[in-house]
Amino acid sequence: MAVRIAVVEDDPPTRDQLVTWLRAARPDARIETFGDRDSAEAALARERYDLVTLDLELGRERHAGIALINGLNKRGLGTPVLVVSAMPAAVYRSIMKALDAWDYLQKTQFDEAEFIDTVLALLRQAGPARPDDDTPSLDPLWQRSPLWRGQKLNLPLTAQRILAVLLERRGEVVSYEQLFDLVKTGRSKDNVRKHVATIRDALREIDPGFEGLENVPMRGFRWTG
């Protein structure tokens, strides 16, 4: 099935440029464009997209993009959002993180290669899990919200790093000593256990019966799925 991408941008030259770059990144993509909040809002509430790129300011509405992101979040589909805006990145990155936008590029501060790399990374991270691979999708280096079964996992960064190692070595025991390297402060077994408890709690918010993270006494932990 072709990837579906929505481009929300009120400046025609910028919109055309983004579409050109998106077609270079994914020639198979179905790309739909919107130049105002109303049309974009209707489509985002009705359709499901694999990626949405949007500007924060549409017409005279300075924060129209924020309203669109909030609308997407209410649907709970985990749709990746790439904000492309002239607003200063230093100011708006923290706001975008709070809104659960997945990434932010400041206009005039990036080129085609960076845009394409960012788009492909977002699409890879949001790609559907294989039917036989019911494991969370996360990328601690990018510091984006991890997903499991189409829902966001509420995990701090250290817990994400620990979970990433457990998933990478699924079926194997990961020792306390190996996990110490992922904890910046308080490198103790008790502290590691607290992070693992945080992981379990986040998973059980989605599946209350989850028992796939095993404690191996005196040794460490193992992901059994």
Looking at every heavy atom in both [X] and [Y], which two are closest together, and how far apart are they?
| X | Y | value |
| --- | --- | --- |
| Y49 | I5 | CD2-C, 3.9 Å |
| V173 | G220 | CG1-N, 4.3 Å |
| R161 | L182 | O-CD1, 3.6 Å |
| I116 | A25 | CG2-CB, 3.7 Å |
| T224 | E214 | CG2-OE1, 3.5 Å |
| Y104 | A86 | OH-C, 4.5 Å |

Go through the steps to decide whether I162 and T198 satisfy the test side chain to side chain contact (heavy atoms under 4.5 Å, CB included), and finish with yes or no. CA-CA 11 Å; I162 290 174; T198 297; over 6 Å; no

Look up atom [atom1] in [X] and atom [atom2] in [Y], then write down how far apart they are to the nearest 0.5 Å.
| X | Y | atom1 | atom2 | value |
| --- | --- | --- | --- | --- |
| L155 | D201 | CG | CG | 9.5 Å |
| L51 | L122 | CG | CG | 6.0 Å |
| H195 | T158 | NE2 | OG1 | 5.0 Å |
| L44 | L72 | CG | CG | 5.0 Å |
| L123 | L82 | CG | CG | 10.0 Å |
| L163 | R200 | CG | CZ | 11.5 Å |

Does the side chain of [X] reach to within under 4.5 Å of the side chain of [Y], using non-hydrogen atoms?
| X | Y | value |
| --- | --- | --- |
| F221 | L166 | yes |
| L54 | V84 | no |
| R4 | R48 | no |
| L203 | I199 | yes |

Whether W223 and F210 hold their rings parallel, tilted or perpendicular, with breakpoints at 30° and 60°: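 If you compare the ring of W223 with that of F210, the planes turn out tilted.
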
Mind checking whether F115 and W21 have parallel, tilted or perpendicular rings, split at 30° and 60°? tilted

Can you spot which of L56, V52, V8, D55 makes a side-chain contact (heavy atoms from CB on, under 4.5 Å) with L68?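 Answer after filtering L56, V52, V8, D55: V8.
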
Under 3.5 Å, side chain of E9 to main-chain N/O of D11, donor-acceptor pair present?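 Side chain of E9 to backbone of D11: a pair is present.
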
Strictly distance-based, threshold 3.5 Å: is any side-chain N or O of N154 a donor or acceptor partner for the main-chain N or O of A202?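 Not a single qualifying donor-acceptor pair exists.
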
Take a 6.0 Å sphere around NZ of K107 and say whether it holds more than 12 heavy atoms from other residues, nucleotides or ligands. yes

Is E47 atom CD crowded by more than 12 heavy atoms from other residues, nucleotides or ligands, each under 6.0 Å away?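 Atom CD in E47 is crowded, with more than 12 foreign heavy atoms closer than 6.0 Å.
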
Grouping I, L, V, M, F, W and Y whenever their side-chain heavy atoms are under 4.5 Å apart, do V216 and V196 come out in a common cluster?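 In one cluster: no.
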
Apply salt bridge (charged side-chain N to carboxylate O under 4.0 Å, His left out) to residues R204 and E211 and explain how you reach the verdict. CA-CA 9 Å; R204 287 172 179 168; E211 296 290 346; 3.2 Å; yes

Can R46 and E41 be counted as an ion pair, charged N to O under 4.0 angstrom? no

R169: side-chain contact (heavy atoms from CB on, under 4.5 Å) partners, not counting sequence neighbours: E172, V174, Q178

Test side chain to side chain contact (heavy atoms under 4.5 Å, CB included) applied to L105 and E114, step by step: CA-CA 9 Å; L105 293 175; E114 183 178 0; 3.6 Å; yes

Is there a donor-acceptor contact under 3.5 Å linking the side chains of S188 and N191? no

Working for salt bridge (charged side-chain N to carboxylate O under 4.0 Å, His left out), residues R15 and D10: CA-CA 7 Å; R15 187 167 63 239; D10 62 344; over 6 Å; no

Please report the C-alpha distance between K189 and E177 in whole Å, then the side-chain angles of each, then the deciding distance to 0.1 Å, and finally whether the salt bridge (charged side-chain N to carboxylate O under 4.0 Å, His left out) criterion is met. CA-CA 9 Å; K189 290 185 177 181; E177 289 73 17; 5.1 Å; no

Could you walk me through whether R26 and L22 satisfy the side chain to side chain contact (heavy atoms under 4.5 Å, CB included) test, starting with their C-alpha distance in whole Å, then the side-chain angles of each, then the deciding distance to 0.1 Å, before giving a yes or no? CA-CA 6 Å; R26 288 296 299 262; L22 286 167; over 6 Å; no

